[in-house]
Amino acid sequence: MTKTTHFGFKTISEAEKAHKVADVFDSVAARYNLMNDVMSLGLHRLWKRFAVETSGAKTGDRILDIAGGTADLTALFVEQVGETGQVWLTDINNAMLTIGRDRMLNEGIAVPVAQCDAEKLPFPDNFFDHVNVAFGLRNMTHKDIALKEMLRVLSPGGSLTVLEFSKVWKPLQPFYDTYSFKVLPLMGKLIARDEGSYRYLAESIRMHPSQDELKQLMQQAGFERVEYFNLAAGVVALHRGYKF
């Protein structure tokens with residue numbers, strides 16, 4: 001029997017999901033940063049800086065940025081770990097990864113880059129001091145497998161941070177739903193010339209585990225001392241867990 005998963009609100013075969021997600025990001029890559037600024041009123045930059053500061057990354061650390069895309073987090077981590085550290089920029093999508101790589105090179109910074117699937121990371125055990133994934137986990141077909149891979153490549157004492165859209169404070173739900181399903185696709189149509197991809201974004205957020213559900217997933221994968229921080233009334237949450 002063919003295994004199925006969700007793509008937004010649709011049920012599709014697992015084999016289809018990676019291709020459909022790739023199509024989404026191929027389509028939005030060129031205007032991805034602009035849309036992030038417009039959608040969040042620039043707040044995504046503060047959320048990402050909070051993620052880096054909360055990670056505990058320090059000078060000389062080796063960092064893995066999963067689903068790093070246009071390199072917003074990679075650039076911040078480079079500042080954090082300094083010249084003696086190392087930050088790997090990775091993404092499964094070539095269009096996004098190319099933008100991130102070129103951005104870093106244009107800033108005079110050469111970082112190691114790898115196009116790879118988070119469910120099959122091409123790195124040895126206990127290799128990184130910190131792993132980060134921002135706004136990428138919800139697009140992964142097998143989140144449990146990806147989290148176990150993140151744990152595997154972390155060195156003992158290392159940490160994982162997951163920055164992701166989450167469940168908004170309940171009194172704000174009606175307003176958030178209107179924004180997500182009416183305003184967001186319209187902005188996608190006008191700015192990114194892609195209404196469908198931003199409709200998928202809204203749907204994928206609703207299908208993503210809640211704060212407590214993701215905390216439990218991380219614990220089941222083997223992470224310890226898992227905690228989360230709600231940002232913007234739960235529109236986004238930062239989860240942090242450790243490998244001991």
Side-chain angles (χ1 to χ4, degrees), residues 6 8-9 21 24-25 28 31-57 63-77 80 91 96 100 118 130-140 143 146-147 150 159-185 187-188 191-192 197-219 223 226-241:
H6 59 81
F9 291 158
V21 170
V24 167
F25 285 97
V28 304
R31 295 178 177 83
Y32 184 78
N33 286 338
L34 174 60
M35 277 296 295
N36 281 348
D37 281 329
V38 173
M39 287 188 303
S40 71
L41 301 178
L43 286 175
H44 75 101
R45 299 179 183 275
L46 299 178
W47 300 335
K48 290 170 181 174
R49 186 164 291 279
F50 178 72
V52 173
E53 293 172 353
T54 304
S55 73
I63 310 294
L64 174 61
D65 187 13
I66 293 176
T70 56
D72 282 359
L73 272 295
T74 294
L76 293 174
F77 275 117
Q80 195 86 350
D91 203 293
M96 295 287 288
H130 179 73
V131 175
N132 174 83
V133 54
F135 304 111
L137 185 65
R138 75 180 186 285
N139 295 312
M140 297 175 192
K143 297 176 181 61
L147 288 169
M150 295 174 204
S159 63
L160 165 71
T161 48
V162 180
L163 184 66
E164 189 54 88
F165 293 109
S166 199
K167 303 303 179 187
V168 72
W169 183 45
K170 199 166 184 178
L172 294 180
Q173 189 70 57
F175 304 99
Y176 187 52
D177 285 347
T178 299
Y179 172 78
S180 298
F181 294 108
K182 301 294 185 183
V183 179
L184 186 56
M187 287 195 298
I191 299 172
S197 291
Y198 286 92
R199 189 171 300 282
Y200 161 73
L201 169 62
E203 293 177 1
S204 69
I205 292 169
R206 299 313 188 278
M207 301 301 293
H208 186 67
S210 68
Q211 288 89 331
D212 287 320
E213 288 168 342
L214 180 52
K215 177 179 178 179
Q216 187 175 26
L217 273 178
M218 290 175 65
Q219 290 170 332
F223 288 95
V226 179
E227 58 185 337
Y228 63 81
F229 308 87
N230 280 321
L231 307 173
V235 169
V236 169
L238 178 72
H239 285 69
R240 179 175 63 188

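Note: hydrogens, waters and symmetry copies are ignored here, and every other heavy atom, side chains too, is used.
Legend: residues meeting side-chain hydrogen bond (donor to acceptor under 3.5 Å, both in side chains) with Y200, ordered by chain and number and at least two apart, are N139. Every side chain to side chain contact (heavy atoms under 4.5 Å, CB included) that A67 has, sequence neighbours left out, goes to D91, V133. Partners of Y198 under the ring pair (Phe, Tyr, Trp, His ring centres under 6.0 Å) rule, at least two apart in sequence or in another chain, do not exist in this structure. Residues meeting the ring pair (Phe, Tyr, Trp, His ring centres under 6.0 Å) test with F165, sequence neighbours left out: F135. The side-chain hydrogen bond (donor to acceptor under 3.5 Å, both in side chains) search around Y228 returns D212, not counting sequence neighbours. Applying the side-chain hydrogen bond (donor to acceptor under 3.5 Å, both in side chains) rule to N36 yields no partners; only residues at least two apart in sequence or on another chain are considered. Take P185 and apply the side chain to side chain contact (heavy atoms under 4.5 Å, CB included) test, not counting sequence neighbours, and it matches E195, R199. Residues satisfying the side chain to side chain contact (heavy atoms under 4.5 Å, CB included) test with L43, not counting sequence neighbours, are S40, L46, W47. Every residue two or more places apart in sequence or in another chain that forms a side chain to side chain contact (heavy atoms under 4.5 Å, CB included) with S166 is listed here: Q211, A237. Taking the side-chain hydrogen bond (donor to acceptor under 3.5 Å, both in side chains) definition, one finds that R240 meets it with E227, Y242, sequence neighbours left out. With sequence neighbours excluded, the residues forming a ring pair (Phe, Tyr, Trp, His ring centres under 6.0 Å) with F229 are F50, listed by chain and number.
Remark: H6 NE2 to R206 CZ distance equals 13.5 Å, nearest 0.5 Å. Here S159 contributes atom OG and M150 contributes atom CE; the two are 13.0 Å apart, rounded to the nearest 0.5 Å. Summarising the geometry, atom CG belonging to L172 is positioned 10.5 Å from atom OH belonging to Y176; distances are rounded to the nearest 0.5 Å. The line from CG of N132 to CG of L163 is 7.5 Å long, rounded to the nearest 0.5 Å.
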Test side-chain contact (heavy atoms from CB on, under 4.5 Å) applied to I205 and H208, step by step: CA-CA 5 Å; I205 292 169; H208 186 67; 5.7 Å; no
Between H239 and K215, does the side-chain contact (heavy atoms from CB on, under 4.5 Å) criterion hold? Intermediate values first, please. CA-CA 7 Å; H239 285 69; K215 177 179 178 179; 4.2 Å; yes
Step-by-step side-chain contact (heavy atoms from CB on, under 4.5 Å) determination, I63 to Q80: CA-CA 10 Å; I63 310 294; Q80 195 86 350; over 6 Å; no
Working for side-chain contact (heavy atoms from CB on, under 4.5 Å), residues K143 and V162: CA-CA 12 Å; K143 297 176 181 61; V162 180; over 6 Å; no
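In terms of heavy-atom proximity, E164 sits nearest to L137 at OE1-N, 3.3 Å. For the pair M35 and A192, the tightest heavy-atom approach, listed with the atom from each and the gap, is CG-CB, 4.0 Å. Shortest non-hydrogen contact noted between P209 and L217 is CG-CD1, 4.0 Å.
Panel note: side chain S55, backbone V52; a donor-acceptor pair is recorded below 3.5 Å.
Using a 4.5 Å heavy-atom threshold, the side chains of V236 and H44 count as separate. Annotation: side chain of L160 is in contact with side chain of L147 (closest heavy-atom distance under 4.5 Å). With contacts defined as side-chain heavy-atom distances shorter than 4.5 Å, the pair Y179/M187 qualifies. Looking at V21 and R138, their side chains never come closer than 4.5 Å, going by heavy atoms from C-beta outward.
Within the structure, the salt bridge (charged side-chain N to carboxylate O under 4.0 Å, His left out) test picks out the following pairs touching residues 41-53 (sequence neighbours left out): D37-R45, K48-D72.
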